[in-house]
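Notes to accompany the following structure.
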Amino acid sequence: MAGHSKFKNIMHRKGAQDKKRSSLFSKLSREITVAAKMGMPDPDMNPRLRAAVNAAKAQSMPKDNIQRAIDKASKGDAENYEEVRYEGYGPAGIAIIVEALTDNRNRTATNVRTAFAKNGGNLGASGAVSHGFERLGLIEYPGSVGDEDKVLEAAIEAGAEDVESDADSHSVWTSVENLHEVARELEKVLGEAEGVKLAWKPNLTVDVDADTVSTLMKLVDTLEDDDDVQTVWGNYAISDEVMETLG
């Protein structure tokens, strides 16, 4: 197990997650509703729903909003969202995977294709880049839960596969099958996680230079700002020095 990674495999500009609250809550609600519709409306009986609810709580989403999203599925008045994955290349050939929940595939595909085209990239066919990633479970904790050694020890005991830590956060990687079991074990030691989800982890990462980083971050921001897009994954790593060039 690797206890430390100098740069996170999946990195984003600091503050990029501080989106407009309404847009963020809308995406969280959509995931909760889809998760509740696909399984039991009880988070304790539905691992995906539990993960979605935990993610919403981590973003301080009000309990009423969370319950409303669950009830929407239970009452059968939820939109029929489809899970769609897009794959493509960003500037400098960086591999990008986009996951969306949409009620209009044509709209979403057009928006994603346009985002790539206007920001130094191009949308590829299904499977174009995913072969360079592993489908894994990801459990995220803030750095405040403990130091690297504490989290690494807890992760080993819980049956995790890998840990990446820095001053701000800990990323615990698991197999897809063991994700929720490992998350339950970690919760006993570290408390509730900030995020429990399926993720795409690149087998190799590309160091982004100062000439590329601005265009890449604009592409990622444009994709993440789309209401239908839930997550954006990439095989890029950005050093602190290059991050500073963004201002």
Self-check item: Distance, nearest 0.5 Å, that separates CG of Leu216 from CG of Asp211
Solution: 13.0 Å
Self-check item: Asp228 CG to Asp103 CG distance, which is reported to the nearest 0.5 Å
Solution: 6.5 Å
Quiz item: Looking just at side-chain N and O atoms, do Thr174 and Glu161 make a donor-acceptor pair shorter than 3.5 Å?
Solution: no
Practice problem: Nearest 0.5 Å please: distance from the NZ atom of Lys197 over to the CD1 atom of Ile139. | Solution: 11.5 Å
Practice problem: May I ask you to test the Val34-Arg48 pair for a side-chain heavy-atom distance under 4.5 Å? | Solution: yes
Quiz prompt | Electrostatic pair Lys57-Glu194, nearest N-O below 4.0 angstrom | solution = no
Quiz item: Below 4.5 Å, heavy atoms only, C-beta onward: do Ser171 and Leu138 meet side chain to side chain?
Solution: yes
Exercise. Keeping the roles fixed (side chain from Thr108, backbone from Asn104), state whether a donor-acceptor pair exists under 3.5 Å.
Key: yes
Practice problem: With side chain to side chain contact (heavy atoms under 4.5 Å, CB included) as the test, would you mind laying out the steps for Phe116 and Leu219 before giving the verdict? | Solution: CA-CA 7 Å; Phe116 273 93; Leu219 170 59; 4.2 Å; yes
Quiz item: Got a donor-acceptor contact below 3.5 angstrom from the His170 side chain to the Gly146 backbone?
Solution: yes
Practice problem: Taking the side chain as every heavy atom from C-beta outward, state whether Lys150 and Leu190 have any atom pair closer than 4.5 Å. | Solution: yes
Quiz item: Has the side chain of Asn235 got a donor or acceptor atom that lies under 3.5 Å from a matching backbone atom of Ala95?
Solution: yes
Quiz item: Do you know the tightest heavy-atom contact between Asn46 and Ala35?
Solution: ND2-O, 2.9 Å
Practice problem: Let me know which of Val84, Val220, Leu223, Asp226 forms a side chain to side chain contact (heavy atoms under 4.5 Å, CB included) with Val98. | Solution: Leu223
Quiz prompt | Polar side-chain atom of Asn178 near backbone of Glu181 as donor-acceptor pair, under 3.5 Å | solution = no
Quiz item: Of Lys27, Glu82, Glu83, which meets side chain to side chain contact (heavy atoms under 4.5 Å, CB included) against Leu101?
Solution: Glu83
Self-check item: Ile96 and Val232: CA distance, side-chain angles, deciding distance, side chain to side chain contact (heavy atoms under 4.5 Å, CB included) verdict
Solution: CA-CA 7 Å; Ile96 302 287; Val232 179; 3.9 Å; yes
Quiz item: With side chains defined as the heavy atoms from C-beta onward, is the minimum distance between Asp221 and Lys218 less than 4.5 Å?
Solution: no
Self-check item: side chain to side chain contact (heavy atoms under 4.5 Å, CB included) assessment of Glu224 paired with Gln230
Solution: CA-CA 7 Å; Glu224 289 188 337; Gln230 294 294 103; over 6 Å; no
Quiz prompt | From Asp225 atom CG to Asn111 atom CG, the distance as rounded to the nearest 0.5 Å | solution = 11.5 Å
Quiz prompt | Enclosure of Glu153 CD (heavy-atom neighbours >12, cutoff 6.0 Å) | solution = no
Quiz item: Quick one: are Arg50 and Val196 in side-chain contact, heavy atoms under 4.5 Å?
Solution: no
Quiz item: So, do Val229 and Glu99 sit near enough that their side-chain heavy atoms are less than 4.5 Å apart?
Solution: no
Quiz item: Cluster question for you: counting only ILVMFWY and a side-chain heavy-atom cut-off of under 4.5 Å, with indirect links fine, are Met40 and Val53 together?
Solution: no
Quiz item: Closest approach of Ser29 and Met61, non-hydrogen atoms and distance?
Solution: OG-CE, 2.9 Å
Quiz item: Side chain of Tyr86, backbone of Arg113: donor and acceptor closer than 3.5 Å?
Solution: no
Quiz item: Looking at side-chain heavy atoms only, is the closest gap between Asn203 and Phe133 below 4.5 Å?
Solution: no
Exercise. Before giving the answer on side chain to side chain contact (heavy atoms under 4.5 Å, CB included), spell out for Glu244 and Ser239 the whole-Å C-alpha distance, their side-chain angles and the decisive distance to 0.1 Å.
Key: CA-CA 9 Å; Glu244 288 172 4; Ser239 69; over 6 Å; no
Quiz prompt | Sub-4.5 Å side-chain heavy-atom contact between Ile94 and Tyr89 | solution = no
Quiz prompt | Inter-residue atom distance Leu136.CG - Trp200.CH2, 0.5 Å rounding | solution = 9.5 Å
Quiz item: So how far is it from Leu28 CG to Asn65 CG, rounded to the nearest 0.5 Å?
Solution: 10.0 Å
Self-check item: Exercise: do Ser130 and Glu87 side chains pair donor with acceptor under 3.5 Å
Solution: yes
Quiz item: What heavy-atom pair brings Ala210 and Val213 nearest, and what distance separates the two atoms?
Solution: O-CG1, 3.7 Å
Exercise. Work out which heavy atom in Phe25 is nearest to a heavy atom in Ser60; give both atom names and the distance.
Key: CZ-O, 3.8 Å
Exercise. Write down the atom of Leu49, the atom of Pro43, and the distance for their closest heavy-atom approach.
Key: CD2-N, 3.8 Å
Practice problem: State plainly whether one hydrophobic cluster holds both Leu186 and Val176, where clusters connect Ile, Leu, Val, Met, Phe, Trp and Tyr through side-chain heavy atoms under 4.5 angstrom apart. | Solution: yes
Quiz prompt | Glu31 to Ala52 - nearest heavy-atom pair and separation | solution = CG-CB, 3.7 Å
